[in-house]
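Quick notes on the structure that follows.
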Amino acid sequence: MTSPEKTPLPKNYDPKAIEPRLYAFWERGGFFHEDPDPARPPFIIPMPPPNVTGRAHLGHGSTYTPQDVLTRYHRMLGDNADWLPGLDHAAIATEAVLVRELAAGGISRESLGREQFIERAWEWSRSTGGTIEQQFRTLGFGPDWQRSRFTMDDGLSAAVRKVFVALYREGLIYRGKRLINWDPKGKTTVSDAEVEHVERDACLWHVRYPGADGSFAIEIATTRPETMLGDVAIAVHPEDERYASLVGKMVVLPLVERTLPIIADAAVDPSFGTGAVKVTPGHDPTDYEIGLRHELPMPSIMDLDARITGAEIDVGPYAGLDRYEARAQVVEDLRTHGLLLKEEPYRHAVATSERSGDVIEPLLSLQWFVKMKPLAQPALQAYHDGRLRFVPERYGRTYELWLENIRDWNISRQIWWGHQLPVWYTPAGDVVVAETEEEALEIARTRYAGAALTRDPDTLDTWFSSGLWPFSILGWPEKTLELECWYPAQVLITGWEIIFLWVARMVMLGMHFAGGIPFPTVFIAPLVFDAQGRKMSKSLGNAIDPMDLVERYGADAFRIGILRQMRLEGQEIRFQESRCEEARNFNNKIWNATRYMLALPDALPHAMTLPKPAELTIADRWILTRLHDTIVAVSQYFESFDFGNATDAIWRFVWYEFCDWYLEATKVPQNHATRAAVLSFVWNNAMRVLHPIAPFISEEVWLALPHDGVTIMTATWPDHLEVPVDREAAAAFELHMAATEQIRRLKAELELPLGSKPVTTLPGDLMQIAALTQYTAAAAGATIALDPELAGGVKAIVVEAPASLLLERYRKDAIRLRSEVERGERKLGNEAFVAKAAPDVVAKEKEKLEGYRNELARVEAALASMGETV
RNA sequence: GUGCGUGUAGCUCAGUGGGAGAGCACCACCUUGACACGGUGGGGGUCGUAGGUUCAAUCCCUACCACGCACACCA
């Protein structure tokens, strides 16, 4: 391959001029696309499908960039690598947007009708759904777009129905009246996993319940006085002596004058409040459990609008009031009756809907559930026997704990956008579950001798369909080649906040239906917060749009910036935009190093042609050795998901080793003969190592230099075995580096004048140091000279300068060296140390002491010669 | 309440049982065959506190303090 034409490149790297062009080139070339190939090891990552309504945010930076990095890395390794993208229909979020839009036009969901509503939802999904995928392209993410799936696709919907019917027939899906989490704002149930307990300031009211026989009264404490309308008992702890004599007696429920029994139940904490609690099984999870144990009635006093209703039990004058109005009214009436004993400020965790933010209302309702224990068992087993592991490991505990305490999953939602339950009812109320309406009719005819069926209006929890993701996107239940080759995937990458909602459910459903764990490894990426550790949110105004960052610094800089902030054990990133700016500077550095190479008079030879080993200089050998080590390190960091260290390793190599030292060394005449070949070789390899992290600039540079192939995307991952290593030469060069730094320091401290004429009388290797330090012969009465006797291993630098300048320097050195010598002597004088420490540690200590003593002797001699008493 | 994580330079964070590190910020100097989105040099930390193990602790153990997070039916 010939050297590309040497056209001058602009001085600053301009990502905007390059990134869109390269992305289009990749997509047009079909480089992201892959077909199953049983002959090669698979590397599959199912992309967590972003909400169809969503937009890219910084969280995608920390969770999706690693997926792109690993996919690109494994593609270069030659694996059958594919990153499978898609979109989630985001039932509640989408429905909420549409309902809001309709309301703005004065239309209700019901007046529009289900069919129309769903048509709108489809339109809306189609029109906005492209946004996030386009944004992902801007970020350089390269999933296999041709395989993109949507959770409402025909195929995926069929899988959903199949799974539902199968679970129902196995008895793992059932319908029942249970206490569920009602979201009054979203007008739907939500699962336990979608309920968030938020600390809020509230009030604890102490209320007096008079005894029915008038001989006593009992005081209870509650945060929800309005629910007392649904009270069915008072409960105390069985061993609470204060109330032992009252158990079995009756009290009168204030305001509505119902008599309630006093019961004993261990769920009551005697130390809290008064030790006596009101029991409202229809509106509180604890009370519901107590109600079940004691076979208490469970009246509902609230409807789906969270208004008080007297439909099931007498609620006095409160019927029709909103729950908060009712609370205020009840409190006021209690006060009027003298039954309110105390009001104290109280801070506690309130159950809140993650989606709508509204306070959850526990309600008794007839809903559909998945029986989780039988599904959880194998999923736990897989974790325990190591088939499934988490990185970092501690997240496995989270997974384990949840599965051990798992409760049944409420899957029916009262919204329209989503997978409608494949459930029909006969006029008599018989339940028919089938994959299609035809099948349902058939069942109804044969089993119930009727054909009039009404379909259940509810839809499934969004997470039900995403729980099938790793296999539904591969064509399940059809026996496809994809399923055969690409299931299970190799890794799943996501944030810890959806370990329960999504990860655990994929494991359970995958094991149950697809024949095994969906992925052996789950990498939990850190979540992104602002620099103060606060969650990024629109309302706080601290949210950073990744598109803005790309605009300012380029996609590569965004990726590098966020990857460098990822630490293996970290659970959060306190995002600093400055990291992206630094990364932009880094890219500019790469760009200019490339410009330097292209501007050299030497033609850059083919990238894989190195000079004969004997011809390589120590600078060449050093940078090649460092390249070798960098390839090994980055590969290992990728394999262990340590993206922060991987990026740092490349950064160090490119900037501090290649640019700061090697490029400078190529300006020294003794390195001229070999530099073009070594530069070409090293830079070609470095770009390939960089590519998974910074796909654009690595491609642009790689294409600009001698290379094989059409795109770096399909180039091979550098093989460290092809990079010559010479540790001895590398160590020698490092001595030169140390000497160079020493001289620079002296020059800076002594403020010696700069010049441009290199000294030519120094022996071979020292020339290099002289050149790197811009060393010049005597000027203004000062000279720095290298001790030529020490050429093999530079250890001392002779400085001649005006005594006044040197004196201070030597005094400082003497102080430092004396303390070092003292430290060493003390350590070696400690018999226990010499006797018990490892021999090599002792030997090293002796060597160090010796070195310091020699140096000190030199300095003291110099001081003495200047008339200083030492 | 239980569990987990974190506390190292002004900031964000690496790191190791044997002389404390990086980037940014700061100070000084420098336009040297690419880069001022640059180069060179420098100042700055009792490694949260108190004990313990060890010849040796920033690192291991214990307790405590501070912060963050998850789980939990304290109404």
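To find a chain, count down the sequence lines: A is the first, B the second, and so on, and within it residues start at 1.
For the OP1/OP2 pair of B:rG39 and a distance below 4.0 Å, the side-chain nitrogens and oxygens of A:Lys589 include at least one atom meeting the criterion. In this structure, A:Lys11 reaches the B:rA36 phosphate: one of its side-chain N or O atoms is under 4.0 Å from OP1 or OP2. Checking the phosphate oxygens (OP1, OP2) of B:rG38, a side-chain nitrogen or oxygen of A:Asn585 falls inside 4.0 Å. The phosphate of B:rC24 (OP1 or OP2) has no side-chain N or O of A:Trp651 nearer than 4.0 angstrom.
At the heavy-atom level, A:Glu820 lies under 4.0 Å from base atoms of the strands shown. Backbone-only contact: A:Trp655 has heavy atoms under 4.0 Å from sugar-phosphate atoms and none from a base. Nucleic acid contact class of A:Phe575 (heavy atoms, under 4.0 Å, all strands): none. Heavy atoms of A:His283 sit nowhere under 4.0 angstrom from any nucleic acid atom. Counting non-hydrogen atoms under 4.0 angstrom, A:Arg816 reaches nothing in the nucleic acid. Counting non-hydrogen atoms under 4.0 angstrom, A:Leu663 reaches a base of the nucleic acid.
A heavy-atom distance below 4.5 Å is not found between the side chains of A:Val232 and A:Met298. When side chains are defined from C-beta on, A:Tyr13 does not count as touching A:Asn585, because their heavy atoms never get closer than 4.5 Å.
The salt bridge (Lys or Arg N to Asp or Glu O under 4.0 Å) search around A:Glu825 returns A:Arg853, not counting sequence neighbours. Partners of A:Glu572 by side chain to side chain contact (heavy atoms under 4.5 Å, CB included), not counting sequence neighbours, listed by chain and number: A:Phe529, A:Arg574. In this view, A:Arg224 and A:Thr222, A:Glu226, A:Thr227, A:Met302, A:Arg327, A:Glu361, A:Pro362 satisfy the side chain to side chain contact (heavy atoms under 4.5 Å, CB included) rule, not counting sequence neighbours. Residues forming a salt bridge (Lys or Arg N to Asp or Glu O under 4.0 Å) with A:Asp284 (at least two apart in sequence, or on another chain): none. With sequence neighbours left out, A:Lys342 forms a side chain to side chain contact (heavy atoms under 4.5 Å, CB included) with A:His206, A:Glu344. Taking A:Phe641 as the reference, A:Phe523 meet the ring-ring contact (aromatic ring centres under 6.0 Å, His included) condition, with sequence neighbours excluded. By the ring-ring contact (aromatic ring centres under 6.0 Å, His included) test, A:Trp683 is found to be paired with A:Phe658, residues two or more places apart in sequence or in another chain being considered.
Rounded to a whole angstrom, the distance from the P atom of B:rU2 to that of B:rA72 is 16 Å. When the C1' atom is used for both B:rG18 and B:rU12, the distance is 29 Å, rounded to whole Å.
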Tabulate protein N/O versus nucleotide N/O from nucleotides 54-61 of chain B, keeping only pairs under 3.5 Å, one per line.
residue	atom	partner	partner atom	Å
B:rC55	OP1	A:Lys836	NZ	2.4
B:rC55	O2'	A:Asn830	ND2	3.2

Look for any protein N or O under 3.5 Å of an N or O in nucleotides 42-44 of chain B and output each such pair with its distance, or none.
residue	atom	partner	partner atom	Å
B:rG42	OP1	A:Arg745	NE	2.8

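Counting only N and O atoms by type, the side chains of A:Asp269 and A:Ser271 include a donor and acceptor under 3.5 Å apart. Between the side chains of A:Arg584 and A:Asn587, no donor-acceptor pair of N or O atoms lies under 3.5 Å. A:Asn181 and A:Asp192 form a side-chain donor-acceptor contact under 3.5 Å, judged by distance and modelled atom types alone. The closest side-chain donor-acceptor pair between A:Tyr637 and A:Thr647, if any, does not fall under 3.5 angstrom.
The stretch residues 552-560 of chain A has no heavy atom under 4.0 angstrom from RNA chain B at all.
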Intra- and inter-strand pairs of RNA chain B in dot-bracket (Watson-Crick or G-U wobble, both distances under 3.5 Å; | for another strand): (((((((..((((....[..)))).(((((.......))))).....(((((..]....))))))))))))....
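If you check distances only, the side chain of A:Glu664 does reach the base of B:rA34 with a donor-acceptor pair under 3.5 Å. Looking at A:Arg595, its side chain has no donor and acceptor atom pair within 3.5 Å of the base of B:rG38.
Each of A:Ile590, A:Asp556, A:Val654 was compared with A:Leu690 under the side-chain contact (heavy atoms from CB on, under 4.5 Å) criterion, and only A:Ile590 meets it.
Per the geometry, CZ belonging to A:Arg567 stands 14 Å off C1' belonging to B:rU8, to the nearest Å. For the pair A:Glu582 CD and B:rA36 P, the computed distance is 18 Å after rounding to whole Å. The nearest whole Å value for the distance from the NZ atom in A:Lys16 to the P atom in B:rC37 is 16 Å. A straight line from CD1 of A:Ile562 to P of B:rU12 spans 17 Å, rounded to a whole angstrom. Regarding A:Tyr656, its OH atom lies at a distance of 12 Å from the C1' atom of B:rG39, rounded to whole Å.
Annotation: A:Glu497, atom CD; neighbour count of heavy atoms from other residues, nucleotides and ligands within 6.0 Å is above 12.
Side chain of A:Asp660, nearest nucleotide from B:rG39, B:rC37, B:rU12: B:rG39.
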When you check every protein heavy atom under 4.0 Å of nucleotides 68-75 of chain B, what one-letter string (B, S, -) results, 5' to 3'? BSSS-BBB
